[in-house]
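Let me begin by presenting the structure, written as structure tokens, before commenting on it.
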Amino acid sequence: MKAAVYYQTGSPDVLRYEDVADPVCHASGVVIRVEAVSIEGGDTLSRGGGAMAGSPHIVGYQAAGEIVEVGADVTHLKVGQKVVTVNAFGSHAELRAVPARNAWPIPEGFDILKASAIPVPFGTAHECLFGHGQLKAGETVLIQAGASALGIAAIQLAKRAGATVLATASSDARLERLKVFGLDHGINYSRDDTVEQVMKLTGGKGVDLVVDPVGGATLQSSLLSLAYRGRVSLVGNAGREPMKVDVSSLMGGNRRLSGVFLGAEIMTDRVHDLIQTLIEEAARGELQVLIDKTFPLSEAAAAHAYIESRQAVGRVLLIP
């Protein structure tokens, strides 16, 4: 099969489009013929400096496609079924082997491109807002990096729950595109100070919850944006900066900082069922998936570079 591989971590140009051995189907797993690869934020971080399972290494968490082989111990999935899969690596390829537990059926008629972009962004957003953030109707939430796939998912889920939704992005144009998903107030962090704008928009109170996938210096603005008893769900380090922050403001305001990693619980019944529910809600049109751009799998390097240019609004896909 063809795959986008690398032999050492680094910038997007380490990616090569090469022939590699087909994956083996384990007794408790499935193999899919990949139709869409959703490039996750963690994929670019892994390519930039993460652990490699081998050399060459096939990066990638999430991909959707048609099952072409089913392990002997698998009874709930079948050849020909469309599924979206999540695993530690291996998405950037024509074929992918995963544990059957990590494959979620796609409802009949639902766009497989959109389905490919649901589990990690929407599952993570739900955990940040409700599992850790304990968001309730009537509260105010700030979504850092609102134009990301996770940000767009979080905006929708928070608005649906009855929250007032603030979000940051790098331009007014990107913020404008978020209004259709439920954004109430946008903050252009390239021009305006985030904390000042949050306080202005909340009458000096601050927000009840911040979802922060950026980390680095942005984390400090998240902490300083909190109201009394406010919470921060920290879910990434997209900014790729050291997280040297002053957390003293947490104590005086009885505030809380929680780290969130969906992968730690993705094999549990709770999270597995949550992801299936989110897929089905999207298939019914209750949640919207925004695909910014697609690239051929052979142009994986260009796709990674485009993501890192911070131009995208929503998810970028690779198509084998």
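Worth saying up front: this structure is predicted, and the values here are computed from it rather than measured.
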Got a sec, which residues hit side-chain contact (heavy atoms from CB on, under 4.5 Å) with E299, two or more places apart in sequence or on another chain?
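Per chain and number, E299 pairs via side-chain contact (heavy atoms from CB on, under 4.5 Å) with F295, P296, A302.
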Please list, chain by chain and in numerical order, all residues satisfying side-chain contact (heavy atoms from CB on, under 4.5 Å) with P320, sequence neighbours excluded.
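Residues passing side-chain contact (heavy atoms from CB on, under 4.5 Å) with P320: V34, E94, L297.
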Test item: [X] and [Y] side chains (from C-beta on) under 4.5 Å apart, heavy atoms:
{"X": "V313", "Y": "I152", "value": "yes"}
{"X": "V289", "Y": "I118", "value": "yes"}
{"X": "L157", "Y": "F130", "value": "yes"}
{"X": "P99", "Y": "S28", "value": "no"}
{"X": "E127", "Y": "S233", "value": "no"}
{"X": "R255", "Y": "L223", "value": "no"}
{"X": "V210", "Y": "L226", "value": "yes"}
{"X": "L150", "Y": "V120", "value": "no"}

Any residue meeting side chain to side chain donor-acceptor pair (under 3.5 Å) with [X], in chain and number order, not counting sequence neighbours:
{"X": "D13", "answer": "S11"}
{"X": "E69", "answer": "none"}
{"X": "Q156", "answer": "none"}
{"X": "T168", "answer": "Q144"}

Is L15 isolated, or which residues cluster with it under the ILVMFWY side-chain rule of less than 4.5 Å, directly or via members?
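Grouped by the 4.5 Å side-chain rule, Y6, V14, M52, V59 form the rest of the cluster around L15.
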When Ile, Leu, Val, Met, Phe, Trp and Tyr are grouped by side-chain heavy atoms lying under 4.5 Å apart, directly or through other members, which residues fall in the same group as M251?
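Answer for M251: none, a lone residue.
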Cut-off 3.5 Å, side chains only: do H57 and H92 have a donor facing an acceptor?
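No, no side-chain donor-acceptor contact under 3.5 Å.
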Sub-3.5 Å donor-acceptor pair from the side chain of [X] to the main-chain atoms of [Y], do we have one?
{"X": "E280", "Y": "P107", "result": "no"}
{"X": "D43", "Y": "E40", "result": "yes"}
{"X": "R33", "Y": "G65", "result": "no"}
{"X": "R315", "Y": "I39", "result": "yes"}
{"X": "D22", "Y": "M1", "result": "yes"}
{"X": "R47", "Y": "G10", "result": "yes"}
{"X": "Q220", "Y": "A217", "result": "no"}
{"X": "T140", "Y": "V207", "result": "no"}
{"X": "W104", "Y": "H272", "result": "yes"}
{"X": "N102", "Y": "T85", "result": "no"}

Any salt bridge between E108 and K82, counting N to O under 4.0 Å?
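Salt bridge: no.
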With a 4.0 Å cut-off on N to O distance, would you call K2 and E18 a salt bridge?
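No, K2 and E18 are not salt-bridged.
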Any chance you could lay out the side-chain contact (heavy atoms from CB on, under 4.5 Å) test for Q276 and D273, step after step, and finish with the verdict?
CA-CA 5 Å; Q276 190 65 56; D273 294 348; 5.6 Å; no
Give the minimum heavy-atom separation between I106 and A64, together with the two atoms involved.
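Looking at all heavy atoms of both residues, the shortest contact is CD1-CB, 4.2 Å.
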Where do N87 and Y61 land on the side chain to side chain donor-acceptor pair (under 3.5 Å) test, with the steps shown first?
CA-CA 5 Å; N87 210 21; Y61 292 148; over 6 Å; no
How far does [atom1] of [X] sit from [atom2] of [Y], to the nearest 0.5 angstrom?
{"X": "S171", "Y": "R177", "atom1": "OG", "atom2": "CZ", "result": "9.5 Å"}
{"X": "L166", "Y": "L175", "atom1": "CG", "atom2": "CG", "result": "10.5 Å"}
{"X": "S309", "Y": "H304", "atom1": "OG", "atom2": "NE2", "result": "13.0 Å"}
{"X": "L278", "Y": "L274", "atom1": "CG", "atom2": "CG", "result": "4.5 Å"}
{"X": "D73", "Y": "H26", "atom1": "CG", "atom2": "NE2", "result": "12.0 Å"}
{"X": "I143", "Y": "S148", "atom1": "CD1", "atom2": "OG", "result": "9.0 Å"}

Before you tell me yes or no, could you show the steps for R256 and Q134 under side chain to side chain donor-acceptor pair (under 3.5 Å), namely the whole-Å CA-CA distance, both residues' side-chain angles and the distance that decides it to 0.1 Å?
CA-CA 11 Å; R256 187 169 73 240; Q134 300 176 331; 3.3 Å; yes
Among V214, L224, L234, V247, which one satisfies side chain to side chain contact (heavy atoms under 4.5 Å, CB included) with L219?
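Between L219 and the candidates, side chain to side chain contact (heavy atoms under 4.5 Å, CB included) is satisfied uniquely by L234.
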Taking only residues at least two apart or on different chains, which pairs with a member in residues 112-126 satisfy side-chain hydrogen bond (donor to acceptor under 3.5 Å, both in side chains)?
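side-chain hydrogen bond (donor to acceptor under 3.5 Å, both in side chains) check on residues 112-126 returns no pairs.
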Sequence neighbours excluded - side-chain hydrogen bond (donor to acceptor under 3.5 Å, both in side chains) pairs with any residue from residues 282-295
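Applying side-chain hydrogen bond (donor to acceptor under 3.5 Å, both in side chains) to every pair that reaches into residues 282-295, excluding sequence neighbours, yields R284-E286, D292-Y306.
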For E139, run the salt bridge (Lys or Arg N to Asp or Glu O under 4.0 Å) check against R231, K159, R229, K205 and tell me which one passes.
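Looking at R231, K159, R229, K205, the match for E139 under the salt bridge (Lys or Arg N to Asp or Glu O under 4.0 Å) is R231.
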Could I get the full list of salt bridge (charged side-chain N to carboxylate O under 4.0 Å, His left out) partners for K200, not counting sequence neighbours?
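Partners of K200 under the salt bridge (charged side-chain N to carboxylate O under 4.0 Å, His left out) test: none.
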Can you sort out the partners of D246 under salt bridge (charged side-chain N to carboxylate O under 4.0 Å, His left out), two or more places apart, ordered by chain and number?
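For D246, no residue satisfies salt bridge (charged side-chain N to carboxylate O under 4.0 Å, His left out) once neighbours in sequence are set aside.
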Intermediate values then yes/no, salt bridge (charged side-chain N to carboxylate O under 4.0 Å, His left out), K179 and D184
CA-CA 7 Å; K179 290 181 179 179; D184 293 300; over 6 Å; no
Set out, in order, the CA-CA distance, both residues' side-chain angles and the distance that settles side-chain contact (heavy atoms from CB on, under 4.5 Å) for V198 and L142, then state yes or no.
CA-CA 8 Å; V198 166; L142 170 66; 4.0 Å; yes
Can L318 be reached from F89 by stepping across I, L, V, M, F, W or Y side chains whose heavy atoms are under 4.5 Å apart?
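Per the 4.5 Å side-chain linkage, F89 and L318 are not co-clustered.
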ILVMFWY network linking V86 to M267, side-chain heavy atoms under 4.5 angstrom:
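Yes; M267 is reachable from V86 via cluster members.
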Residue K136 excluded, over 12 heavy atoms near NZ under 6.0 Å:
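Yes, because the 6.0 Å sphere around NZ of K136 holds more than 12 heavy atoms from other groups.
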